[in-house]
Peer 1: 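Once you've had a glance at the structure underneath, I'll fire off some questions.
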Amino acid sequence: MFKPKTLLKVVSVLMIIGGVLGILGTILSYAMLPKLSDIPGVDMNLITSTLTPFNLILSLISGIAEIGAGFFGFSGRSTKWVVITAGIYTAILLISVVQTVMSGMATAFMIIDFIVPALYWWGFYQSK
């Protein structure tokens, strides 16, 4: 057990919200996939290449890990589960960045994706 500091609690709430929105976005993207072909001018090759089963599963696991890290970080009950869930989320984030770089679609704004996990880890470090 540990006593979460304010930074960890705030970032944990942001992670819970982000995880829920991420899971909902993934489910809606997959559900809307057949309907997108009816829209004129939509390139289905690009959409189907990004919404692969691997990416969808990775997105769902990432959302679940993000929600878990948020709950465990906010409650402060289990150091082990904080490290496991936040580690899974951070690892999936790194995999996503590598995929984006390998596909040639990398931008400087990808650094923004690391702000929340960095603040989370810093808040967890302060809380220990």
Side-chain angles (χ1 to χ4, degrees):
M1 289 191 55
F2 62 95
K3 180 159 176 42
K5 301 274 185 182
T6 305
L7 175 64
L8 182 60
K9 285 187 174 189
V10 169
V11 175
S12 293
V13 169
L14 291 175
M15 288 182 75
I16 292 168
I17 293 168
V20 168
L21 291 176
I23 289 174
L24 287 175
T26 301
I27 292 169
L28 288 175
S29 296
Y30 187 70
M32 292 299 294
L33 191 59
K35 307 255 189 261
L36 290 175
S37 61
D38 297 338
I39 300 172
V42 173
D43 184 13
M44 288 304 292
N45 291 329
L46 181 62
I47 292 172
T48 54
S49 67
T50 57
L51 291 177
T52 62
F54 176 73
N55 286 344
L56 292 172
I57 291 170
L58 205 61
S59 179
L60 289 174
I61 292 171
S62 172
I64 292 168
E66 189 174 10
I67 292 169
F71 279 125
F72 291 122
F74 190 83
S75 68
R77 291 189 181 174
S78 176
T79 303
K80 178 178 91 169
W81 284 105
V82 165
V83 172
I84 289 171
T85 54
I88 290 170
Y89 174 68
T90 305
I92 291 174
L93 179 64
L94 290 171
I95 291 170
S96 174
V97 168
V98 169
Q99 282 181 327
T100 305
V101 169
M102 296 299 282
S103 69
M105 296 174 23
T107 64
F109 292 110
M110 288 178 12
I111 295 172
I112 294 172
D113 293 340
F114 290 100
I115 291 174
V116 171
L119 288 173
Y120 183 86
W121 285 110
W122 181 250
F124 176 65
Y125 172 75
Q126 288 178 338
S127 299
K128 277 188 76 171

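This chain uses plain numbering: 1 for the first residue, then up along the sequence.
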Peer 1: Can you hop from I95 to I57 via hydrophobic side chains spaced under 4.5 Å?
Peer 2: yes
Peer 1: Return a table of donor-acceptor pairs under 3.5 angstrom between the side chains of residues 20-34 and protein atoms on other chains or two or more places apart.
Peer 2:
residue	atom	partner	partner atom	Å
T26	OG1	G22	O	2.9
T26	OG1	S59	OG	2.5
S29	OG	G25	O	2.8

Peer 1: Can you sort out the partners of S127 under side chain to side chain donor-acceptor pair (under 3.5 Å), two or more places apart, ordered by chain and number?
Peer 2: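 Residues passing side chain to side chain donor-acceptor pair (under 3.5 Å) with S127: none at all.
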Peer 1: Donor-acceptor pairs under 3.5 Å, side chain of residues 114-124 to any protein atom, not counting sequence neighbours: which ones?
Peer 2:
residue	atom	partner	partner atom	Å
Y120	OH	A69	O	2.7
W121	NE1	T90	OG1	3.0

Peer 1: Among residues two or more places apart or on two chains, list those pairs meeting ring pair (Phe, Tyr, Trp, His ring centres under 6.0 Å) that have a residue in residues 33-52.
Peer 2: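 Ring pair (Phe, Tyr, Trp, His ring centres under 6.0 Å) check on residues 33-52 returns no pairs.
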Peer 1: In terms of hydrophobic clusters joined by side-chain contacts under 4.5 Å, are I64 and I61 together?
Peer 2: no
Peer 1: Is W81 reachable from M1 through a run of I, L, V, M, F, W or Y residues, each pair having side-chain heavy atoms under 4.5 Å apart?
Peer 2: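 In one cluster: no.
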Peer 1: For the OG atom of S62 and the CG atom of L58, what is their distance to the nearest 0.5 Å?
Peer 2: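 It is 7.0 Å, given to the nearest 0.5 Å.
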Peer 1: Which heavy atom of G73 sits nearest to which heavy atom of V82, and what is that distance?
Peer 2: N-CG2, 3.8 Å
Peer 1: Should I88 and I84 count as side-chain neighbours, where that means a heavy-atom distance under 4.5 Å?
Peer 2: yes
Peer 1: Identify each donor-acceptor pair in which a side-chain atom of residues 6-19 lies under 3.5 Å from a protein atom, sequence neighbours left out, and give them as a table.
Peer 2:
residue	atom	partner	partner atom	Å
S12	OG	L8	O	2.6
S12	OG	F74	N	3.4

Peer 1: With a sphere of 6.0 Å drawn around CZ of F72, does it hold more than 12 non-hydrogen atoms of other residues, nucleotides or ligands?
Peer 2: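 Yes, because the 6.0 Å sphere around CZ of F72 holds more than 12 heavy atoms from other groups.
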Peer 1: Among all residues two or more places apart in sequence or in another chain, which pass the side chain to side chain donor-acceptor pair (under 3.5 Å) test with Q99?
Peer 2: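 Checked Q99 against side chain to side chain donor-acceptor pair (under 3.5 Å); matches are N55.
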Peer 1: Considering only heavy atoms from C-beta outward, does the side chain of F71 approach that of I67 to under 4.5 Å?
Peer 2: yes
Peer 1: Could you state whether M110 and V98 fall into the same hydrophobic cluster, counting links through intermediate Ile, Leu, Val, Met, Phe, Trp or Tyr residues with side-chain heavy atoms under 4.5 angstrom apart?
Peer 2: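 Per the 4.5 Å side-chain linkage, M110 and V98 are not co-clustered.
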Peer 1: Is there a path of hydrophobic side-chain contacts, each under 4.5 Å between heavy atoms of I/L/V/M/F/W/Y residues, joining M102 to I111?
Peer 2: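 No; M102 is not reachable from I111 via cluster members.
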